[in-house]
Each structure stands twice: as structure tokens, then as C-alpha cells.
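The analysis underlying the following values was restricted to heavy atoms, covering all of them including side chains, and did not include hydrogens, waters or symmetry mates.
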Amino acid sequence: MIAMTKYEMVRYLKDYADLQYLMMLYPNQQIGKLFDRLMQTNGRFDNDTREYYDRMRRVYMVYNSMKKFSYIEDFLLNRDNYINDTELDEIIPENTYSTNMGNISKKKLLQLIRNTFNHNNSDDIDRFKISVNGRKIEIELLNGPVRIRFDVMKLLDAYNNMINHRKNSLNISFDIPDDFDINSTELSNELDKIKFVHYYFNSQLSNSMIQQFNRMYDTKNLSKEELIQRSEEFNNLSSSLNPPTKYDLTEEQKNKIISYIDHYKKYYPDLLDEDINNVMYYFLMKVIPVPLVKSTMLTNQILYCERFMEDVNKSLNIVLQEIRQVIRGNNPFDPSDAFDQQTFEMLTNRKQINNLYLYKDCLDGEVFAGFPIITYFDSVITHCCKEEIIRINGVDYNTEKIRNCFAHGRWYITTDNNIMLFDADPRNIHDYNLEFVGKINIKAFEEWINNYVEQNKERINVVKRNY
């Protein structure tokens, strides 16, 4: 496989983040025109622009698909043992270059793929590579020599394989009392009533128990009354296995949620008229630094990039109108366009609440433009940075700690455009015993990342191959 270099990979991710930022600033302008402007500004406008655009999108989807895979593997396998090897489907990569492949169990292979992706800052071997066209992934496993190649669909198969055969469940909820008043002038006091609820199951669950949870997760087409009943059943069943652990919101988390509420009251008051639990769940999920909580955000990022960034003649506002129409039960897409109709089918097969979250993510600049820029930070720290200590705005940070924060999704964005970073024991039972790593201004972080990439361009622009 002819692979792109690390430098090319992180540049694609930066370009994607910069494009999302431009789209946020100019929501009425066509995506293609904004991308052309970006390429011209960077001195890279040529006949390959559309091909470059498509490769950029593929790289963003590949990288975030690896993150999503990494989060579920981390929960089920990396430190715990919540899958039986004998029950996993056979994992057959598209190409395997090793005579030792038969000695690796299916569980071990999944672990090695995840660990290789998250530990790839060696100059000796580029263990995680993306093909030049952005369609294929190649991994040279730690403790090799084993190299495997696959595409995103094969990675999705591996993800679903783990989900379908898991022996545990990450069950979280929020305790929002009936008297919570979102219109209170003392919102900080009101938020003190809300608790983050985590159910820890410290051993494998039976197949029948997993099936019960699967049934409860299927809430599509339920009425409001049925959803309330289902929530009570979920909490009762979870509590019967192990009493929940409840956490208060921190002052930083409360301040962030208050800023969300104030923003919606000013700009999107109609979105506060829905069920209060749905409103608050969306806000609360944005400030909980637990890896699998970010899975919904990752899913929406991948879906948005694949389905809505494909047509460069659209603008952000057109995308928002299309998603809004789907939520209202309409089909806003071209009936003669097979891609459009496939997009409509994909959206209508999802839970309505997930489409509403997608719509809100596109409205929220911190998600719309913030998530891609943090993906760029992640790629540089994880795959390129070799320094033990990095200094940003005069403060020293342990690079390995920051890498851990990104690898395990333990971050959120604060009210003052900082990223809060945490580390923790990766085992499930300790996942919210958070160690504060740092609070870094995103603009300063971006400046440091850009400078680091430019200063190390020659080193990270080389693909090391051991064939």
C-alpha cells in the first residue's frame, strides 16, 4: 500500500478543521467556494483541488472511525475482560502480511489495533498509516511483525462485532428532579440538584441481561410517556445489578451548562420547548469527560462529513434546513438522486433524538468547528510529538498525560474557549476518578501545534517502511 505521511495526514485534518471554521463564519456560502478560498490562502489551489477535498473528508472519517473503535475496545477489552474470544466472529482483514497471524486471538487482534493507533509517535516505524487516497488503513502491530490492511467498512464490522458480543454495558444517566427550573434566575443552585449517574458492573453480564439492555436502548417511535417508563425500567434494572454512583457537577461544568442555556434562550428559544430532560441531556453530555459519552458526537461527525459534506454546492444553512425537515417528518432531498435518498433513509432509520442532536451539533460552533480542531490536536500529539514536556503559554505539560486525555476522550470545552483535560485509570470501575491534567486555551494550543508541525515537517513527512 502506498501510504500518506504523518505530515499529510495531520494537514488534511487541519484543513478540514479550518474549513468547518469558515463554514461557521459564513453559513450562507457554498462549501466549495469556502474550500477554494482556503486552498488559495494556503497556496495549494490547483487542478487536484476536488480530489484533495475528497481525500481530506476520507481522512477525517477514517481518523474518527478509529477513535470510535478505540473507545469501545478500551471499555470492553483494553483493561477489562468483557468479551469472550470464542463468541467473537472471525476477524479477517482484507490483507495480512504475516505468517504469525494464526497465533493471535481475535480479542488480542482488536486490542493490538487499538493500541497501535494510540501509540504511534515513533520515528522508527509508522505503525498506523492511511493510504494516499484515504480509503485504506494499514497497521503494523506492536510486538509484530504483523501488518494488516483494511477499509473503514471492515473497521465498522469489527466495531459491531464487539458491540454484538459484549458482556458488559456502560450505563450512565442523569438524575434531573421534577422541580428543576431551567428559567430560574439562580441556575447554579438549580444545577446543584442534577447528578451524573454511573452504573458500574464489575464483571461479565449474562446474555439475557445484555438482551434486556439492548431492548431498553431501542426507544425509536416511543411516546413521551413510554420514554419515561422505559427510563424508569432502565434505572431499576441497572440498580438491581449494582447501586449507582452519583456525581455532582463541578463549578466549571455548571458554568458551561449555564452558558449553553443562556445561548439557546437568546438564539434558539424554540429548542428549549422540547422535553426538559432531552434539553438538559444534550447540554450535560457535552461536559462529561468519559470516552463512550463522546460516541454520539463521533457518530454525528462521521455522518455529517460523509453525507452532508459530499455536495460542495451546499452551504451550512442548507444542511441545517435539510436536517430540520427530516426531523419534522419531511423529505427535503432530490427524489431522483440516489445518494440523497440513501441519506434520507439513513436519517429516518435513526432515533429522532439523535437527529435532533445532529442538528444542534451543527448549530453549536464549539462542536461544529471545535471537535475538528481537537481531532487535529489529537493527531499531532498522538502520532507526531516526541517531546516528554511541551510548553504552552508558559506552562509545562506532560505530553503522555495529554495523549492519554485524547486517547480516552477525557476533555471538554469551557465557557472561555479553553479545553479541560483529564486523565484516569482506564479500567471501567475507575473511569470517573479524574486527574486534572490542564486547562489550555484552544487558540494558544493551536498556535503551538501549528508551530510544532512546521518545525518538525521534515521528520514527520517521511514514511518509514520495514518490509
For this session: Applying salt bridge (Lys or Arg N to Asp or Glu O under 4.0 Å), run through Lys33 and Asp36 and close with a yes or a no.
Result: CA-CA 5 Å; Lys33 291 182 178 179; Asp36 289 346; over 6 Å; no
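- Taking a cutoff of 4.0 Å between a charged side-chain nitrogen and a carboxylate oxygen, Arg324 and Asp270 qualify as a salt bridge.
- Contact of the Tyr281 side chain with the Ile353 side chain is not registered, since no non-hydrogen atoms from C-beta on lie closer than 4.5 Å.
- Counting non-hydrogen atoms of neighbouring residues, nucleotides and ligands closer than 6.0 angstrom, the CD atom of Glu226 exceeds 12 such neighbours.
- Salt bridge status for Glu366 with Lys286: absent, with no side-chain N to carboxylate O gap under 4.0 Å.
- Taking a cutoff of 4.0 Å between a charged side-chain nitrogen and a carboxylate oxygen, Lys439 and Glu252 qualify as a salt bridge.
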Exercise. Does the side-chain contact (heavy atoms from CB on, under 4.5 Å) test come out yes or no for Glu73 and Ser70, once each step is laid out?
Worked result: CA-CA 5 Å; Glu73 190 284 331; Ser70 179; 5.8 Å; no
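- Atom OH of Tyr21 is surrounded by 12 or fewer heavy atoms from other residues, nucleotides or ligands within 6.0 Å.
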For this session: Please lay out, stage by stage, how Phe445 and Phe377 fare under the test ring-ring contact (aromatic ring centres under 6.0 Å, His included).
Result: CA-CA 8 Å; Phe445 205 162; Phe377 297 170; 4.6 Å; yes
For this session: For the pair Ile139 and Arg147, evaluate side-chain contact (heavy atoms from CB on, under 4.5 Å) and give the outcome as yes or no after the intermediate values.
Result: CA-CA 6 Å; Ile139 287 191; Arg147 291 201 314 279; over 6 Å; no
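- For the residue pair Gln341/Asn331, the side-chain donor-acceptor check at 3.5 Å is satisfied.
- A 6.0 Å sphere centred on NZ of Lys457 holds no more than 12 heavy atoms belonging to other residues, nucleotides or ligands.
- Defined by atom type and a distance below 3.5 Å, a donor-acceptor pair is missing between the side-chain atoms of Arg57 and Tyr16.
- Interatomic distance, CD1 of Ile390 versus SG of Cys385, reported as 5.5 Å (0.5 Å rounding).
- For the 3.5 Å distance criterion, the side chains of Asp361 and Tyr282 qualify, holding a donor opposite an acceptor.
- Between Phe371 and the choices Tyr376, Trp411, Tyr63, Tyr60, the ring pair (Phe, Tyr, Trp, His ring centres under 6.0 Å) rule is met once, by Trp411.
- Salt-bridge formation is not detected for the pair Arg215/Asp218: no Lys NZ or Arg NE/NH1/NH2 atom is positioned less than 4.0 Å from an Asp or Glu carboxylate oxygen.
- In this structure the side chain of Phe368 never reaches within 4.5 angstrom of the side chain of Asp364, judged on heavy atoms.
- Aromatic ring pairs are classed by plane angle as parallel below 30°, tilted from 30° to 60° and perpendicular above 60°; the pair Phe333 and Phe308 is tilted.
- Side-chain N/O atoms of Asn120 and Arg127 include no donor and acceptor closer than 3.5 Å.
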Exercise. Given Ser295 and Ile72, is the side-chain contact (heavy atoms from CB on, under 4.5 Å) satisfied, shown in steps?
Worked result: CA-CA 9 Å; Ser295 286; Ile72 190 65; over 6 Å; no
For this session: Would you please test Glu251 and Lys254 for salt bridge (Lys or Arg N to Asp or Glu O under 4.0 Å) and show each step?
Result: CA-CA 5 Å; Glu251 288 301 314; Lys254 290 196 299 179; 3.0 Å; yes
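- For the pair Arg37 and Tyr26, the distance from NZ or CZ to the six-membered ring centre is under 6.0 Å and the angle to the ring normal is within 45 degrees.
- By the 4.5 Å heavy-atom criterion applied to side chains, His198 and Leu170 are counted as neighbours.
- A side-chain N or O of Tyr52 and one of Arg44 form a donor-acceptor pair less than 3.5 Å apart.
- Asn235 and Arg230 form no side-chain donor-acceptor contact under 3.5 Å, judged by distance and modelled atom types alone.
- A salt bridge between Asp262 and Lys266 is absent, with no side-chain N of the basic residue lying under 4.0 Å from a carboxylate O of the acidic one.
- At a threshold of 4.0 Å, the pair Glu400-Arg403 counts as salt-bridged, since one of the basic side-chain nitrogens sits closer than that to a carboxylate oxygen.
- A donor atom on one side chain and an acceptor atom on the other are found under 3.5 Å apart for Ser169 and Tyr217.
- Aromatic ring orientation, Tyr412 versus Phe422: parallel (interplanar angle below 30°, classes split at 30° and 60°).
- In this structure, Lys14 and Val10 have side chains that are not in contact, with every pair of non-hydrogen atoms separated by 4.5 Å or more.
- Classified by interplanar angle (parallel below 30°, tilted 30° to 60°, perpendicular above 60°), the ring pair Phe283/Tyr264 is perpendicular.
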Problem set entry | Residue pair Lys67, Asp378: steps toward the salt bridge (Lys or Arg N to Asp or Glu O under 4.0 Å) verdict | CA-CA 10 Å; Lys67 295 298 292 185; Asp378 179 321; 2.7 Å; yes
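- Rounded to the nearest 0.5 angstrom, Ser238 OG and Gln212 CD are separated by 10.5 Å.
- Atom CG of residue Leu22 and atom CD1 of residue Ile31 lie 11.5 Å apart, to the nearest 0.5 angstrom.
- In this view, Thr415 and Asn255, Lys256, Ser259 satisfy the side chain to side chain contact (heavy atoms under 4.5 Å, CB included) rule, not counting sequence neighbours.
- Annotation: Tyr432 is in aromatic contact with Phe196 [ring centroid separation under 6.0 Å].
- Note: His383 and Phe128 have tilted aromatic rings, judged against thresholds of 30 and 60 degrees for the angle between ring planes.
- Cation-pi geometry between Arg50 and Phe35 is not met at under 6.0 angstrom from the ring centre and within 45 degrees of the axis.
- Electrostatic pairing of Arg11 and Glu8 does not count as a salt bridge here, judged by no charged N lying under 4.0 Å from a carboxylate O.
- Here CD of Gln253 is found 8.5 Å from CG of Leu284. Values are rounded to the nearest 0.5 Å.
- Every side chain to side chain contact (heavy atoms under 4.5 Å, CB included) that Tyr267 has, sequence neighbours left out, goes to His263.
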Exercise. Between Leu34 and Val312, is a side-chain contact (heavy atoms from CB on, under 4.5 Å) present by the stated rule, with each step listed?
Worked result: CA-CA 9 Å; Leu34 292 174; Val312 295; over 6 Å; no
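- Contact of the Asn42 side chain with the Asp15 side chain is registered, since non-hydrogen atoms from C-beta on lie closer than 4.5 Å.
- With a 4.5 Å cut-off on side-chain heavy atoms, His165 and Asp89 count as touching.
- How far CD1 of Ile442 is from CD of Glu447: 12.5 Å, rounded to the nearest 0.5 Å.
- Side-chain atoms of Ser315 and Asn28 form no donor-acceptor pair, as typed in the model, at a separation below 3.5 Å.
- Remark: Lys401 engages Asp423 in a salt bridge, criterion side-chain N to carboxylate O under 4.0 Å.
- For Lys265, the NZ atom is densely surrounded, since the number of other residues' heavy atoms within 6.0 Å is greater than 12.
- Under the 6.0 Å distance and 45° angle rule, Lys167 does not count as a cation-pi partner of Tyr82.
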